[in-house]
Amino acid sequence: DIPVIVSNSKDAWFMNDIGFKTVINAQGGVTFKDIKISVTDCEHGDGDPVVHKIFKDKGIDGTAHGFVLESKKEKGAFYLTGDTILYERVFEAIEKFRPYVIAVNAACAQMCPSHSIMMGLDDVRVLCRYVKNISIVATHLDCVSHATVSADSLRAYGKLESLTNLFVPAQKECIEF
């Protein structure tokens with residue numbers, strides 16, 4: 001049986017319903033195998049009235065969450081922002097958990113033109129400059145059907161903007177910190 005960690009009771013119910021036997025709800029925080037897991041908030045378009053309407057019309061639950069993983073065996077916390085744009089709750093999570101690595105879904109996915117549901121170029125630039133001593137790893141590039149930013153374009157932008165703490169891994173590349 002493979003344990004599945006979820007961010008809320010709705011997801012826990014769904015995972016149990018489709019057959020997973022060991023479902024761990026991390027809402028409110030949980031420790032699993034000496035790793036403290038905290039759930040963070042995301043802005044996945046639900047605050048945008050256009051995206052909210054599209055989600056509602058299509059029956060899509062736009063709720064998303066990120067996770068912070070903390071282990072005494074690591075240098076510091078790892079923050080997976082989740083499907084979110086850059087907004088105040090991301091900054092609050094950074095201040096609260098003080099991660100040494102942040103993974104951001106940076107494909108600038110959009111439900112319709114000009115209505116992002118994930119971080120894009122400007123979000124990444126602002127975040128990299130806000131946390132100059134924290135490594136930022138860009139994910140979700142070249143694999144999301146509604147993406148508007150590619151790995152190549154983000155690498156070029158990062159070089160142009162001198163974002164020295166930005167890492168854009170190649171497909172299947174493993175980065176260690």
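For Y130, the ring pair (Phe, Tyr, Trp, His ring centres under 6.0 Å) partners at least two apart in sequence or on another chain are F91. Taking E95 as the reference, R98 meet the salt bridge (Lys or Arg N to Asp or Glu O under 4.0 Å) condition, with sequence neighbours excluded.
N165 contributes a side-chain N or O that, together with a main-chain N or O of C128, makes up a donor-acceptor pair within less than 3.5 Å. No donor-acceptor pair closer than 3.5 Å links the side chain of S7 to the backbone N or O of V39. Judged by distance alone, the side chain of E43 and the main-chain N or O of G45 form a donor-acceptor pair under 3.5 Å. H44 places a side-chain N or O within donor-acceptor distance of the main-chain N or O of I117, the cut-off being under 3.5 Å.
In N133, the CG atom is not crowded: 12 or fewer heavy atoms of neighbouring residues, nucleotides or ligands sit closer than 6.0 Å. Heavy-atom neighbours of H115 NE2 from other residues, nucleotides or ligands within 6.0 Å: above the threshold of 12.
Here the CG-CE distance, from D48 to M111, works out to 10.5 Å after rounding to the nearest 0.5 Å. Here the straight-line distance linking atom CE of M118 with atom OG1 of T148 works out to 10.0 Å at 0.5 Å rounding. To the nearest 0.5 Å, atoms NZ (K132) and CG (L163) are separated by 11.0 Å. To the nearest 0.5 Å, the span separating OG on S38 from NE2 on H65 amounts to 12.5 Å. Taken from CG in D1 to OG1 in T22, the straight-line distance is 3.5 Å, to the nearest 0.5 Å. M119 CE to I85 CD1: the interatomic distance, rounded to the nearest 0.5 Å, is 8.5 Å.
Within the 4.5 Å cutoff, the side chain of E161 has heavy atoms near those of the R129 side chain. Within the 4.5 Å cutoff, no side-chain heavy atoms of V101 are placed close to those of I175. A 4.5 Å side-chain heavy-atom check between Y87 and D41 finds at least one atom pair inside the cut-off. Side-chain contact between L141 and V149: present, with at least one pair of heavy atoms (C-beta onward) separated by less than 4.5 Å.
Here salt bridge (Lys or Arg N to Asp or Glu O under 4.0 Å) pairs that include residues 11-25, with residues two or more places apart or in two chains, number zero. Evaluation of the salt bridge (Lys or Arg N to Asp or Glu O under 4.0 Å) test over residues 105-126, restricted to residues two or more places apart or in two chains, returns D122-R125. For residues 143-156, every residue pair satisfying the salt bridge (Lys or Arg N to Asp or Glu O under 4.0 Å) rule, not counting sequence neighbours, is listed here: D152-R155.
By the criterion of side-chain heavy atoms lying less than 4.5 angstrom apart, applied directly or through intervening Ile, Leu, Val, Met, Phe, Trp or Tyr residues, V30 is not grouped with M15; the two fall into different hydrophobic clusters. Linking Ile, Leu, Val, Met, Phe, Trp and Tyr residues whenever their side-chain heavy atoms come within less than 4.5 Å leaves L154 and L160 in two separate clusters. Hydrophobic clustering (side-chain heavy atoms under 4.5 Å, transitive across Ile, Leu, Val, Met, Phe, Trp, Tyr) groups L80 together with I5. F97 and V131 end up in the same hydrophobic cluster when Ile, Leu, Val, Met, Phe, Trp and Tyr side chains are linked at under 4.5 Å. A continuous path of Ile, Leu, Val, Met, Phe, Trp and Tyr side chains, each step under 4.5 Å between heavy atoms, connects L121 with V90, placing both in one hydrophobic cluster.
Taking each heavy atom of S9 and Q27 in turn, the nearest pair found is N-OE1, 3.7 Å.
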Test log, rule side-chain contact (heavy atoms from CB on, under 4.5 Å), inputs Y157 and L166: CA-CA 10 Å; Y157 184 76; L166 175 63; over 6 Å; no
Stepwise, does the side-chain contact (heavy atoms from CB on, under 4.5 Å) test hold for D61 with K10? CA-CA 11 Å; D61 179 2; K10 182 178 177 183; 2.9 Å; yes
If you apply the rule side-chain contact (heavy atoms from CB on, under 4.5 Å), what do you find for D83 with C42, and how did you get there? CA-CA 7 Å; D83 286 349; C42 289; 5.6 Å; no
Would T81 and T40 satisfy side-chain contact (heavy atoms from CB on, under 4.5 Å), going step by step from the backbone distance to the final call? CA-CA 7 Å; T81 61; T40 61; over 6 Å; no
All N/O donor-acceptor pairs, side-chain side in residues 67-79, below 3.5 Å, sequence neighbours left out:
| unit_1 | atom_1 | unit_2 | atom_2 | d |
| --- | --- | --- | --- | --- |
| S71 | OG | K73 | N | 3.1 |
| E74 | OE1 | Y100 | OH | 3.2 |
| K75 | NZ | F177 | O | 3.3 |

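One side chain, T139 or N105, offers a donor N or O that lies under 3.5 Å from an acceptor on the other.
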